[in-house]
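In the text below, chain A, chain B and the rest are named by the order of the sequence lines, each starting its count at 1.
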Amino acid sequence: MSHPAQATQPIGEDGATRLESFKYDDAIVRKFVLATVLWGVVGMLVGLIIAVQLALPAANLGLEWTSFGRLRPLHTNAVIFAFAGNALFAAIYYSTQRLCKARMFSDVLSNLHFWGWQAIIVSAALTLPFGITQGKEYAELEWPIDLAIAVVWLGFFGVNFFGTLAVRRERHMYVALWFYIATIVTVTMLHVFNSLAIPVTLTKSYSVYAGVQDAFMQWWYGHNAVAFFLTTPFLGLMYYFLPKAAEKPVYSYRLSIVHFWSLVFMYIWAGPHHLHYTALPAWASTLGMLFSVMLWMPSWGGMINGLLTLRGAWNRVAVDPILKFYVLGITFYGMATFEGPMLSIKSVNALSHYTDWTIAHVHSGALGWNGFMSFGMIYWLLPRLFQTNLWSKKLMSTHLWIGTIGILLYVIPIYTGGITQGLMWRAFDASGRLAFPDFVETVTALMPFCWIRVVGGLLYFVGVLMLALNTVMTVLNRAKVYDEPIITAPALAPRYIDPPVPETQLAGNLGVALAADSVFVSGWFHRVWERKPLKFTILAIVAVVTASLFEIIPTFLISSNVPTIASVKPYTPLELAGREIYIAEGCYNCHSQMIRPIWAETKRYGEYSKPGEFVYDHPFQWGSRRIGPDLAREGGRQSNDWHVRHFKNPRDLNANSIMPTYEHLLNQPLDFEGIQRRVDVMAMLGVPYGENVKSGKAIEAARVQAKQMAEDLVKQGGFEGMGDKKVIALVAYLQRLGKDISQPADAPAAPAVAPTARETFKAGDKVLSANVSAKEGAR
Amino acid sequence: MSTAHSHSPSVVHGSAPQDLVHGARSRDHLSDHEYDGIREYDNPTPGWWHLIFIGSVFFSIMYIAYYHFSPIAWSIEKAWQAEQNAEVKRLFAGKVLTPDEAGILAVAADEPLMQYAAGTFQTNCAACHAKDGGGINGVNLTDDHYKNIKKIPDFYTVITNGANNGAMPSWRTNFSDNERVLLAAYVMKLRGTTPASAKPPEGEVLPPFPKPTK
């Protein structure tokens, strides 16, 4: 029953089994491996810098380009798409060729893919620090880069991969290839539909979605970027490189079938768990939670298959750092995929959301699973690709231990800090008031944890430097001329007869059960799919598209999801310009704009946010982390003067603030001329801007509002000459946040001038705006 | 086979492997799949895996049935509203709060309400006036000088309508009438306290306020 596969396969009737000779393309794998190491160093260095900034705000040197809000997207993009991206490409290019017994379909496409992807990474590094961003997490890159990503990912990588499947010489596709297929088709779908935007200029675009729908699409994307960029390709990596390094058979073929399909189908639904208690409709939130809970076992299927493959090899694990990297990586995967479902439970999420708990969770996944699986693969590949010994096995072993200690020193304090802050936010004292009424108290309490995190991150980074050193030295000692063995394998025969359905192992005479056992439980049906890449790919697409549509269609079509609030009006032209500065500075990286219906939260920030308040927000800016306080009801809470002083130096007003200084906003001129085009694009997206802001009038309206605000600023004792500076637009935007809900419904749309504090509140007294809830109706 | 001499996985075929630590694993049998030397066992999925998976599906069905289709489950918003109502009842039940001098003085004598108001002040007013009222960007509320206050009800008026061209914002929509009376009393009582850091006086000196009385 266990003859080598080739020998047992029936040969087509025409007997076409001509032997073919070919070589694997390892040059492209070498490129991807070196890029992985390079971008690993860069991405993690940026991570270390922003970790220091959280504890020591002055570490940004007061430069606008190095502030936390601009560097954090650079860090996340660099480690996800540059480091992990190149690692998964290295894994796919090395293993796919061998699993298909074929060279990559096209060397030209391989190189276009490699250089195109590196160009995208460089363009990210050249845009994000300059505030060029779409303002959606992990999808920040602007539209020309988005287009390039689509071309490189599907046009170069996808075509090359599926072309290789088409010319393969191995009849059946191994489980690693299933995961690669799911990765390529799903990432394409996620990227294209989340990034749909209307360009305003070459470096600015507005999401076609707004508010609740944009939030839904963003986290459908964001969660599944984790699933299909950081999980499925790395499971594929595991399925190839782990049994290779362990020299052991994979534990269970049947488990790989069940966990692959359940994982691919269920992951897609889970996105809304990032939006619990928000203005997202409750049904979507529930689906997100439940599919996350159901996803626990499908995720663990991968962990079981990984760890149990090492049965009988633990003596090797004890002496082989590569296997140790894999064991630790898979263990962190197991912990993260238990923690994920737990965090997705609404009541747990009520505590964890907006805190560092989430940051600890993703880093145990990223540093442990993605990092260690990549490192194990690279150390295994280096001697094979460069055809020499690894420069230092001792240094590899040191990397393992310093990396492990680094992860623990990173995640443990941040878990502690996250839970601490979450509990502080919701703590009440005996008099019924918030026990920590001042937000900054809950930040100051975290500072010791932030410093320990810096130490942990530093250790992990030193480990990556060790990898880089080992890589460079190994490359320097590489073979003078690479030996490229010629592989011979028979081409696939045009026809193939599947082996007979196996005998059932069940006893009894229940026909249906016996048939089900032999066809399904044995995996026979799946064996047939495995030799049909097109059918397999279509089935994978059907799984992810069906799962997506179950949530997307109701989100967009059921109007009761977003009850209209008559008093919510579009932003004025000046406020719109200010919103763009808010996005460019990356304010959403530290400030949420979403007050949840949680008692401690409304006590701190005011009336909870309603879906109808965000209908003109292209893109939404709800945020996912409160390093600073929520801003959903910031409008009117401070004077214009306070805001300008606060931007100049937050510590002038709050000694313990860790917010960066934004003095450049007080000096840089506001681009009034560009405002008209922005208003026009918003109008195109359906924002009801009337005639009074068309054909140049928006610019005039912005100037009038800015002038009046600047005059008010001076009267308030504030700075002079701010009327044509960026800061005036940003303050105008902040002063608008969360105000509309308490306005009378017949207030004029898009007023040419901002209502002053006195005019704004003609609405009359209101008791805790409870009537707003009534107006909004049932949700 | 044993692990010691298996350099290439392709030699792993034949009988079930013997695990030297855990003994024979007679249930394992290799499938005939082989890819680049990688083999696969045909082991069944673990029983506990099935149980938890099926259990999670069952939990999900029950959860939806309870929270989305049963009349007894509360929505998140309804639970919030209940807490809100209980809070209003706890603070203000049986009390008539009026924004005139007598009303503010009466509230100022209500110690639990003043403790509560301290929290509201620190959450919402400390950004400009400092936690202890010493003043940062906003005026010092602890000294005898007042810019916009002439008499006690003005505390309520300034909080409600704002002052100084918006330097002091209006808090009309942020707080209920009752909460603004509480805040007015709390700010009035800050006079004469000693802040950690006091902003220089602004405005006119007012005569002492009457003592808070029930």
Side-chain angles (χ1 to χ4, degrees), chain A residues 1-5 8 98-99 170 174 243-244 247 249-255 258 277 282-283 286 290 293-294 296-297 301 304 311-313 316 431-434 437-438 597 599 604 606 636-642 645 653 712 715-717 742 756-758 761 765-769 779, chain B residues 3 6 9-10 12-14 17 19 30-36 38-46 49 52-53 56-57 59-60 63-64 67-68 75-77 80 83 87 90 112 115-116 118-120 122-123 126-128 131 136-137 161-162 164-167 169-170 172-174 176-177:
Chain A
M1 55 160 288
S2 57
H3 313 289
T8 58
R98 283 153 176 89
L99 292 169
E170 185 76 74
Y174 177 56
K244 276 294 209 185
E247 297 175 3
V250 170
Y251 170 69
S252 170
Y253 165 64
R254 277 185 261 171
L255 179 59
V258 184
Y277 292 87
W283 62 264
T286 292
L290 295 177
V293 170
M294 289 190 279
W296 175 22
M297 280 302 112
I304 295 167
R311 291 173 317 156
R316 301 254 320 279
S431 71
R433 65 185 195 193
L434 292 169
D438 189 3
W599 183 236
R604 191 181 295 280
R637 286 178 64 88
Q638 336 281 355
S639 63
N640 295 348
D641 174 44
W642 185 92
R645 283 176 200 273
L653 297 175
D712 278 356
K715 282 185 207 154
Q716 290 171 7
S742 54
T756 63
R758 278 146 291 140
F761 303 120
D765 274 17
K766 209 169 274 182
V767 181
L768 274 168
S769 57
R779 225 175 5 115
Chain B
T3 54
S6 59
S10 61
V12 183
H13 54 95
D19 186 317
L30 278 168
S31 65
D32 59 2
H33 314 162
E34 193 256 314
Y35 310 88
D36 194 30
I38 299 173
R39 307 295 307 274
E40 292 177 297
Y41 284 123
D42 195 24
N43 281 319
T45 44
W49 188 92
I52 298 180
F53 193 21
S56 68
V57 175
F59 168 81
S60 299
Y63 183 96
I64 290 180
Y67 280 101
H68 292 272
S75 70
I76 288 165
E77 289 80 3
W80 178 88
E83 278 195 273
E87 172 84 346
R90 182 179 72 82
Q115 276 181 26
Y116 177 84
T120 311
Q122 288 175 21
T123 302
C128 293
K131 273 176 88 167
I136 304 171
N137 195 31
N161 297 328
N164 292 352
N165 300 296
S170 155
R172 187 192 299 271
T173 56
N174 302 70
S176 68
D177 297 351

Is there a side-chain contact between [X] and [Y], using heavy atoms and a 4.5 Å cut-off?
| X | Y | answer |
| --- | --- | --- |
| B:Thr123 | A:Arg433 | no |
| A:Asp641 | B:Asn137 | yes |
| B:Glu87 | B:Tyr116 | yes |

Please classify the contact of B:Ala127 with chain A as side chain, backbone, both or neither, using a heavy-atom distance under 4.5 Å.
both
Out of [options], return the one with the most heavy atom pairs under 4.5 angstrom to chain B.
| options | result |
| --- | --- |
| A:Val293, A:Thr286, A:Leu434 | A:Thr286 |
| A:Arg637, A:Gln638, A:Lys715, A:Arg645 | A:Arg637 |
| A:Trp283, A:Tyr253, A:Trp599 | A:Trp599 |

What part of A:Trp296 lies closer than 4.5 angstrom to a heavy atom of chain B: side chain, backbone, both or neither?
side chain
By a 4.5 Å heavy-atom criterion (distance strictly below it), what part of A:Leu653 contacts chain B: side chain, backbone, both, or neither?
both
Name the option with the most non-hydrogen atom pairs under 4.5 Å to chain A; the candidates are B:Asn164, B:Ile136, B:Thr120.
B:Ile136
Name the option with the most non-hydrogen atom pairs under 4.5 Å to chain A; the candidates are B:Ala118, B:Pro46, B:Cys128, B:Gly162.
B:Cys128
Using the ring pair (Phe, Tyr, Trp, His ring centres under 6.0 Å) criterion, which residues pair with B:Phe53? Sequence neighbours excluded.
B:Trp49
Here the pair of heavy atoms bringing B:Pro44 nearest to A:Tyr251 is O-OH, 4.2 Å
Let me see the working for B:Arg172 and B:Asn161 under side chain to side chain donor-acceptor pair (under 3.5 Å), right down to the final yes or no.
CA-CA 7 Å; B:Arg172 187 192 299 271; B:Asn161 297 328; 2.5 Å; yes
